[in-house]
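Quick notes on the structure that follows.
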Amino acid sequence: MAVHRVPLVLLACGSFNPITNQHMRLFELARDHMHSTGLYQVVGGIVSPVSDGYGKQGLVLAKHRIAMAKLALQTSDWVTVDEWESQQPDWTETVVTMRYHYGRILKEYEQSKGTHNHSNGNSTPLSSPAPQLKLLCGADFLDTFKIPGLWLDDHVEEVAGRFGLVCVSRGGLQPELAVHKSDTLSNHRQNIYLVREWVRNETSATEVRRALRRGLSVKYLIPDNVIDYIHQHNLYTEDSERRNKGMVLKPLAKQAQQPVKSLDD
Amino acid sequence: MLSITYTQDAHDALQSSVTPALVLGMEAQTKTRVVLLACGSFNPITNLHLRMFELARDHLEDTGQYRVVKGIISAVGDAYKKKGLIEACHRLEMARLSTENSDWITVDSWESSQPEWLETAKVVRHHYEELHTAEQYNDDVDTVKYAKKRRMQEDSFEGASEHKRRGNTHLMLLCGADVLESFGIPNLWKQEDIAEILGRYGLVCITRSGSDPYKFIHQSDMLWKYRKNIHVVHEWVTNEISATHVRRALRRGRSVRYLLPDSVVDYIQEHGLYTAESEQKNADVVLAPFQRYTSTSSS
């Protein structure tokens, strides 16, 4: 039964500027959905905030975004924050971040299998299938694949084919259409899981920053300890919103491309 | 008791609030104090219910005329007979847990401890009286003035708005756009109750994008008459966490985390609340207000 299920790690890339309850909701929805397929056992979730080199307007320092994400996920027993992407000096393509995490996860798996075999004396091949890593993304993300020149074809191939996507949508046929319109995505459609969120919930980090700048309450949109952190460090002011204003985004400068993040807001 | 502790609560709320307008004591003197009352099933309470209080306070204080000193959550009693309504003791406890981290929202058990279902107007009236009894203690106002207040309460509601202006603290009913629209459902509300709630107290209505409360107010003569006492607050971020949705997810073993405070999620699990069985409670029972008004109108 459960032993045949494929262990799955969900990775979300984005600004997390700041992390909101809705970001964490996406993980919960995705996990429930993947469990309901009967094929997967979700063993972990990773929040990977983008590095400061991203150059997005209003992006506060990664150390703050990381600290807030850690506070928000203190009470989660399966989603964690990873700093690797944020520590890269430059903006990192999503596929590169995925390769890094998958390499790490595979290594852990090999090690645990190694020690398991050693202690048992014989291997039990059925007990633990190799883990998988899938990208967790919001509804609009799939649309970015069809923008000409935005993605390298082999990157799409790798993200959708080698890894796979879990896309949470808010109703409507937008994700289905995006898959239909792309030959690459269609080829890998068995590897693209569409999760329907029946309750519309559109808390975006942009709205949270706007409310904070205006001195309005953000309680119950983001966790209390994150609100405290924001006040302590006086984040999200009119000044901070002007950060990087007028700057060319790193991805644009690097590849003449638009930025693509799985959980952009 | 609410009547004894009220003033201290309000004082504390003022002291601990970080809203800049409140810090300016001088300015605060000229502002009308407001207590927000939300009535509902709270089956269970969700983050959206709590959000409504925050949105309403920001909106009212932003007008420069009001200072919101307290929020009250009043859960309906079990006699309401709504399908899937679990025991009030659980609903109240969940509301208490979820307001533990709020310095201004409180939970009141008076409504749910009544043996029979009470019209919302009566609940508002009760809290209004509590509020003004408390103020009277504190005011060293003589009994003559109090008697006058009482007399004026019994006057027509238009007359009462004069009184309302004199009162130190306003009580307003906080609700979603659906409640405003429910005023139009036959046999759900008594017309004089709507008049009392709108005329004497006032309504703060949180709307979701897509609904147009102004049109609804325009189309109803009753609402139009009291439009100045209806404060419409726009929720720009669509957020549709409904308690119905939460119960459905719970019955199906799906996660409700981040829709409700963690402490409430834990409480639900500990007590095994919201099962297929609990959803069948009152399944074939007519809702108390319908029972009451349809029987009176037909007899």
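Remember, predicted model here, so these are calculated numbers, not experimental data. A note on names: the letters A, B, ... follow the listed sequences, proteins ahead of strands, and every chain is numbered from 1.
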* To do: Check the pair A:I230 / A:I222 against side-chain contact (heavy atoms from CB on, under 4.5 Å), numbers first and verdict last.
  => CA-CA 11 Å; A:I230 289 171; A:I222 59 180; 3.7 Å; yes
* Structure fact -> Looking only at A:R31, A:E28, A:H35, the option with the highest number of non-hydrogen pairs under 4.5 Å against chain B is A:E28
* Does A:R104 come within less than 4.0 Å of A:E108, counting only side-chain N to carboxylate O? -> yes
* Structure fact -> Ranking A:H33, A:K219, A:R214 by heavy-atom pairs under 4.5 Å to chain B gives rank one to A:K219
* May I ask you to name which of A:V218, A:T75, A:L29 has the most heavy-atom pairs under 4.5 Å with chain B? => A:T75
* A:Y40 and A:Y193: side-chain hydrogen bond (donor to acceptor under 3.5 Å, both in side chains), yes or no, with the steps? -> CA-CA 12 Å; A:Y40 293 96; A:Y193 292 85; 3.2 Å; yes
* To do: State whether A:K56 and A:E241 are salt-bridged, where the test is any N-O pair (Lys NZ or Arg NE/NH1/NH2 against Asp/Glu carboxylate O) under 4.0 Å.
  => no
* Could you look at B:D262 and say if it's the side chain, the backbone, both or neither that has a heavy atom under 4.5 Å from chain A? => side chain
